[in-house]
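Since the structure comes first, as structure tokens, the remarks are kept for the end.
We use all heavy atoms of the structure for the numbers below, so side chains are in, but hydrogens, waters and symmetry mates are not.
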Amino acid sequence: MHVLLLGATGNLGIRLIPALLTHSHTLTAYVRSSSKLLSLLPSSLHSRINVIQGDATDSAAIKRAILTSKCDAVVNTAGVASLAPWAKSDLPVIFRAVVEAVRQASEKLKRPLRLWMLGGQGVLCVPGTTTPLRNYIPIFLAHGQNLALLKALPPNTVDWTMLCPANMTPESTDFSVPTTSPKAKLVAKATSPPLWKESWVKNIPLIGTFLTIVMNATRYETTLEQNAEFIASDLESGESGWIGRAVGVIDGGSVGRKDV
């Protein structure tokens with residue numbers, strides 16, 4: 001696939017570059033600063049990608065980049081959600097601009113483009129319910145309105161997926177191709193976190209579910225490289241099972257026998 005990557009100079013975006021190239025994708029990076037991208041990548045890698053300089057809030061420019069580069073898919077990691085419920089960030093503006101650009105480009109091409117957007121674990125539901133985790137721990141709330149925007153798209157207009165990891169940490173600053181990692185692949189599940197551990201504490205009135213969420217929280221830390229690999233390999237497959245879904249992930253290497 002030819003992939004347009006937004007947010008290529010960020011922590012996840014920079015790791016998506018070698019991951020996408022490892023999986024034989026053609027890559028165009030849409031960045032605010034081409035010089036910053038150049039400074040982060042080895043020259044051998046930079047020479048293998050196309051670079052378009054532009055603003056991630058400019059829907060028309062993103063659409064133009066998709067069409068002129070003849071992209072089949074778009075991956076957006078640009079923008080950061082605010083932690084506090086009352087704080088503001090540019091993520092909702094960026095998110096809306098990207099979604100609208102992909103929708104319009106898909107309409108122009110008369111086929112739905114593939115779209116991966118980055119969200120957060122809070123939009124996933126408590127297992128066995130339809131209640132989002134963010135209702136119990138109200139942080140990074142912008143992800144909720146972003147998911148609602150994706151769900152409001154008419155059917156068959158955009159083949160979207162929202163990746164919803166918890167905390168992500170780096171494995172290294174080695175951006176060579178092909179990528180290698182000592183970590184296991186991610187285990188994924190749509191709608192709610194995979195391999196959730198229930199506890200008797202959930203039966204405690206008023207606070208049981210909150211305590212269960214807190215007890216599970218540290219289990220869902222993954223690496224930036226694992227998430228980059230997850231997206232890149234899904235795009236290579238050509239037949240994703242995650243279209244139209246919010247997807248939770250857990251490190252497959254941290255899964256014990258009792259979890260399987």
Residues 186-195, side-chain donor-acceptor partners within the protein, below 3.5 Å, at least two apart:
{"from": "Lys189", "atom 1": "NZ", "to": "Ser192", "atom 2": "OG", "distance (Å)": "3.4"}

Pairs meeting criterion salt bridge (charged side-chain N to carboxylate O under 4.0 Å, His left out) with involvement of residues 101-110, two or more places apart:
Glu100-Arg103, Arg103-Glu107

Any residue meeting side-chain hydrogen bond (donor to acceptor under 3.5 Å, both in side chains) with Glu221, in chain and number order, not counting sequence neighbours
Asn167

Which residue pairs pass the salt bridge (charged side-chain N to carboxylate O under 4.0 Å, His left out) test with at least one member in residues 6-25, sequence neighbours excluded?
Arg15-Glu225

Salt bridge (charged side-chain N to carboxylate O under 4.0 Å, His left out) partners of residues 231-240, not counting sequence neighbours, each pair once:
Arg114-Asp234

Heavy-atom neighbours of Asn203 CG exceed 12 at 6.0 Å:
yes

Side-chain atoms of residues 120-139: list all donor-acceptor pairs with protein atoms under 3.5 Å, sequence neighbours left out, distances to 0.1 Å.
{"from": "Thr129", "atom 1": "OG1", "to": "Val126", "atom 2": "O", "distance (Å)": "2.7"}
{"from": "Thr129", "atom 1": "OG1", "to": "Thr131", "atom 2": "N", "distance (Å)": "3.1"}

Of all pairs that satisfy salt bridge (charged side-chain N to carboxylate O under 4.0 Å, His left out), the ones with a partner from residues 17-32, not counting sequence neighbours
none

Where the side chain of Thr22 meets the backbone of Val177, is there a donor-acceptor pair that is under 3.5 Å apart?
no

Glu171: what forms a salt bridge (charged side-chain N to carboxylate O under 4.0 Å, His left out) with it, not counting sequence neighbours?
none

Pair up each side-chain donor or acceptor in residues 64-74 with any protein partner under 3.5 Å, not counting sequence neighbours, and list the distances.
{"from": "Thr68", "atom 1": "OG1", "to": "Arg64", "atom 2": "O", "distance (Å)": "2.8"}
{"from": "Ser69", "atom 1": "OG", "to": "Ala65", "atom 2": "O", "distance (Å)": "3.0"}
{"from": "Asp72", "atom 1": "OD2", "to": "His2", "atom 2": "N", "distance (Å)": "2.9"}

Who passes side-chain hydrogen bond (donor to acceptor under 3.5 Å, both in side chains) against Thr157, sequence neighbours left out?
none

Contacts of Thr57 meeting side-chain hydrogen bond (donor to acceptor under 3.5 Å, both in side chains) (sequence neighbours excluded), chain-then-number -> Asp55

Looking at residues at least two apart in the chain, or sitting in another chain, which of them share a side-chain hydrogen bond (donor to acceptor under 3.5 Å, both in side chains) with Asp58?
none

